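So you know, we letter chains A, B, ... as the sequences are listed, proteins then strands, and number each from 1. The structure presented is a predicted model; accordingly, all values stated were derived computationally and were not measured.
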There are 4 protein chains.
Amino acid sequence: MSESNKPTRGRDPNRRGRRGPVNGQATGTPASQRELRAQGRRTMRKLLDAGMRVFAERGYHAARVDDIVRAARTSHGTFYLYFASKEDLLRALAVECAQEWTDLAASIGPITRDDAGFEELRRFLGGFVGTYRRYGPIIRAWMEDQGGDREIGRLGVRSFTAIASALGERMDEVGAPHAVDSATSVAALMAMLERFNYVLVSRRIDVDDDVMLDSLARLVHRGFFFGAERGMAASR
Amino acid sequence: MSESNKPTRGRDPNRRGRRGPVNGQATGTPASQRELRAQGRRTMRKLLDAGMRVFAERGYHAARVDDIVRAARTSHGTFYLYFASKEDLLRALAVECAQEWTDLAASIGPITRDDAGFEELRRFLGGFVGTYRRYGPIIRAWMEDQGGDREIGRLGVRSFTAIASALGERMDEVGAPHAVDSATSVAALMAMLERFNYVLVSRRIDVDDDVMLDSLARLVHRGFFFGAERGMAASR
Amino acid sequence: MSESNKPTRGRDPNRRGRRGPVNGQATGTPASQRELRAQGRRTMRKLLDAGMRVFAERGYHAARVDDIVRAARTSHGTFYLYFASKEDLLRALAVECAQEWTDLAASIGPITRDDAGFEELRRFLGGFVGTYRRYGPIIRAWMEDQGGDREIGRLGVRSFTAIASALGERMDEVGAPHAVDSATSVAALMAMLERFNYVLVSRRIDVDDDVMLDSLARLVHRGFFFGAERGMAASR
Amino acid sequence: MSESNKPTRGRDPNRRGRRGPVNGQATGTPASQRELRAQGRRTMRKLLDAGMRVFAERGYHAARVDDIVRAARTSHGTFYLYFASKEDLLRALAVECAQEWTDLAASIGPITRDDAGFEELRRFLGGFVGTYRRYGPIIRAWMEDQGGDREIGRLGVRSFTAIASALGERMDEVGAPHAVDSATSVAALMAMLERFNYVLVSRRIDVDDDVMLDSLARLVHRGFFFGAERGMAASR
DNA sequence: TATGAATGAGTGTTCATTCAT
DNA sequence: TATGAATGAACACTCATTCAT
């Protein structure tokens, strides 16, 4: 599918050979690439934050560079001093987000059948929800991608996979009754987590966080980790 | 915030913009509104199909009216003879899709603990996957909505709710051990189904359909309908 | 009938359509709304002038934004940086024109029966012709309006009324023999002035300005201000 | 000015060699050109009337062929069976209108200083108003023309001139005190009549017809035909 | 380092006119 | 004689990106 035909507008850098930095100014060399002084770092942060806010409000596609620079109280020129493109800003935010995911993945302890396991699961889910709350727009942009920049997509997949693997391991180590194949179970769990959080965040379901986390943790603990085995239709 | 600011281009706000059937050449009065002869119906179908294809390939936003008319081997003018806008085409497809969802919702029989219940669940999931395969792009457009046409969004929510309710009833009637609150359970289940299918369809996970359906059915049967109760961390 | 259905093309009704300052790049926020630096003001002036020229050549409706930007030696983008739409440019020009009208209205002194009065009238008419020459296309756009932007229409009516009132007062104060009712007289006078100038400017009647002004002033002085009363068919 | 660049849309017949009648069907051969049977004449009349109505509602430019055929309860195809283009319909209506003007011009009797002359003038003005009421939209289209079809413009000018000449003659024959030059007087009178009627018809000034006609006749009788000569600023 | 101004390819939509039946 | 369907050039407007200061 998706021959990577992304609609670009105005000067399309892909079509006409990205000219790279033009005059003296190292235009758009993103983040860490250039040494930034205090002021520079401050401006960059302003843009990143503004990006988050605007992406959250409008979604990545609908967000206009102009919205972002206005939110950051800067100018177009400045934007392109720090980011090569709108997508580059997304990428930068995605990197931040990916870091959080990875940390979260690394922090998952064993999920046992008892209360301690439940608590651990609940803690993890709390972290998941927190990250999603903060980076929801970015994550959504990952998923909606559909032919945009492959690199960002990969970043998302990697982060997701990190968590999925961690969860998978925890399931295996307690002999979670995988419904036939482990991949499907984990995929289903991840799918549920992602979309559940999406609904939670965007459609603003008004459930108390504590209650909701309890429900979700219970659901996962029972449904995915320690599903019932007796008295049911037999596995094939 | 974000008062439904979606970037579309080129619509005349004065003459036709304000939604609904208009005047010029009965332009864009969709489907049922105008009486169509055989040829007209054929062309409309061509456009609907082309729309599905193109939305599938590029996603709704990235899809260009030009792509659609090329795929349908017609002209721009013809397109606007049948649909008031690109969004109107989406709406028309959404209506078709909503019908399938509703039918599917109505068809869910009791999900018992035994093999029959499992089979019923599996059958339903099969239908779900099928519909998602056919209308995936539309459903995705629903979800990505983010400030587009509220009407289409509502249509999606309604369809989704229909299924969710049906599933909820089936869960209640067998006393499924809701993880604290029923709403969360159902929401989680729906979330999982939606996103799981999304991944399935878009990222083309290569699992045999039969195997995957088995896994999924098992997972839902156990995890959501007949989750284990004994020997686990107690519900609070 | 005809609820203000004017055919424009290509405006996005969702994002910017609903009139007034918008967001994208502070696009099209006209004149006074944004602070402009020297260069900005220059460009804006260029566009206003080009607009006048093109409207004069083709008329408002037939004028293409493309013609205007070509005449101004700028780009489409730049145009929309200063004006929200073609109509907005018309509005801006209309405001300038309205100012001239208003000033002109304020400047009308007493029109007496003697030479001084005649001269005053002639001076005023000279101003009228001058303004019409400069802003003819705009005035014509006002009149042709027919369901376009009500606001612009009102602006025109206000300006016109200002002059009409001033003339009416001058007529009353010398007891001009209103042909039955004052409103009709003034309306007729204004009608004559407007259309006479229209013909003058557009169809380029080749009369020497001085001669023509003399004729016109004489006509108005006699016909409208000091029409004969004796020996004629009696007023009813 | 006005390089006669009329914006055409779709298949522009001027740009690509008007192909003339295509297959067997004598498409668009207007009115009198073809022998029409009863039904044909009826359809043609329906279209002419619908044209008048729609032009009146929307103005010529804003009127869509579709509006017209819908008003006439016919189809696009039929329209082009009787008229070669939208403009051709205008032309046909213009011919009808020109006939009325010409008849009106021929009917103007001597305008004497006494009551009989006043009555004659009033009668003529009544006819003028009547014609304007019926054909206002057409007349307006004439005036707004600005680079459209020269032929239609000429038709209008001819009709107008016919009346102007007749009036001019009547003025000369009673020695009306032309304000310096006759051409200006007549031009001014015509200008006044046209625009006054325009305002009357379009802006729907609510004056009783009888009263208004009286005022207008009085005004013209006095102002243009028998302007005061004594005690005023001397003619130069 | 920062900024306001400029650019122009790209997009959705319109509507006069022609075609096929 | 009539019609519904089809066409596609034309147009207004957008917005990511670059330029000049």
Next item on the list: Measure the distance from CZ on Phe79(A) to P on dT3(E) and round it to the nearest whole Å.
Entry: 14 Å

Note to self: Under 4.0 Å from OP1 or OP2 of dA16(F): is there any side-chain N or O of Arg64(A) that close?
What the structure shows: yes

Note to self: Can you tell me which nucleotide in dT7(F), dA12(F), dA2(E) comes closest to the side chain of Thr78(B)?
What the structure shows: dT7(F)

Notebook entry, point to check: How do Gly77(B) and Asp66(C) order along DNA chain F: which one's closest nucleotide is nearer the 5' end?
Noted result: Gly77(B)

Notebook entry, point to check: Can you name the closest pair of heavy atoms from Thr43(D) and Thr74(D) and give their distance?
Noted result: CG2-CG2, 4.3 Å

Item checked: CG-CE distance between Leu89(A) and Met44(A), expressed to the nearest 0.5 angstrom -> 8.5 Å

Notebook entry, point to check: Taking CD1 from Ile68(A) and C1' from dT3(E), how many angstroms apart are they, rounded to a whole number?
Noted result: 17 Å

Next item on the list: Measure up the His61(D) and His61(C) rings against each other and bin them: parallel (under 30°), tilted (30 to 60°), perpendicular (over 60°).
Entry: parallel

Next item on the list: Check whether any side-chain nitrogen or oxygen of Tyr80(A) sits under 4.0 Å from OP1 or OP2 of dT17(F), and answer yes or no.
Entry: yes

Check: Which nucleotide in the list dA9(E), dT3(F), dG12(E) gets nearest to the side chain of His76(C)?
Finding: dA9(E)

Item checked: Integer-rounded Å distance: dC11(F) P and His61(D) NE2 -> 13 Å

Item checked: d(CZ, Arg37(D); C1', dA2(F)) in whole Å -> 14 Å

Note to self: Given a 3.5 Å cut-off on both pairing distances, which stems involving DNA chain E, each at least three consecutive Watson-Crick or G-U pairs, are present, if any?
What the structure shows: E:2-21 with F:2-21

Notebook entry, point to check: Looking only at side-chain N and O atoms, does Tyr82(A) come under 4.0 Å of OP1 or OP2 in dA2(E)?
Noted result: yes

Checklist line | Nearest-nucleotide pick for Ser85(D), side chain only, options being dT1(E), dT17(E), dG4(E) | finding: dT17(E)

Checklist line | Least distance between heavy atoms, Ala62(A) atom then Asp67(A) atom | finding: O-OD2, 4.2 Å

Notebook entry, point to check: For Leu90(A) and dA16(F), what is the distance between atoms CG and P respectively, to the nearest whole Å?
Noted result: 13 Å

Next item on the list: For Arg41(C) and dG4(E), give me the distance from atom CZ to atom C1', rounded to whole Å.
Entry: 13 Å

Margin query: Please pick, from dA5(E), dA6(F), dA12(F), the nucleotide with the shortest atom-to-atom distance to any side-chain atom of Lys86(C).
Written below: dA12(F)

Check: Do any side-chain nitrogens or oxygens of Thr43(A) fall under 4.0 Å of OP1 or OP2 in dT1(E)?
Finding: no

Check: Whole-Å distance between dC15(E) C1' and Tyr60(D) OH?
Finding: 13 Å

Notebook entry, point to check: What integer distance in Å separates Leu81(C):CG from dA16(F):P?
Noted result: 14 Å

Check: Which one, dT1(F), dG12(E), dA9(E), comes nearest to the side chain of Val65(B)?
Finding: dG12(E)

Notebook entry, point to check: Which residues pass the salt bridge (Lys or Arg N to Asp or Glu O under 4.0 Å) test with Arg45(B), sequence neighbours left out?
Noted result: Asp49(B), Glu96(B)

Next item on the list: With heavy atoms under 4.0 Å as the rule, sort Ala63(C) into base, sugar-phosphate or nothing.
Entry: sugar-phosphate

Next item on the list: Hey, could you give me the CG/OH distance between Leu93(B) and Tyr60(B), rounded to the nearest 0.5 Å?
Entry: 10.5 Å

Notebook entry, point to check: Is the shortest heavy-atom distance from the side chain of Asp88(A) to the side chain of Tyr80(A) under 4.5 Å?
Noted result: no

Notebook entry, point to check: Does a side-chain N or O from Thr74(C) land closer than 4.0 Å to OP1 or OP2 of dA6(E), or not?
Noted result: no

Margin query: Closest-nucleotide mapping onto DNA chain F: is Gly40(B) or Gln39(C) further toward the 5' terminus? I mean the 5' end.
Written below: Gly40(B)

Item checked: Test: Lys86(A) cationic atom under 6.0 Å from Phe79(A) six-membered ring centre, within 45° of axis -> no

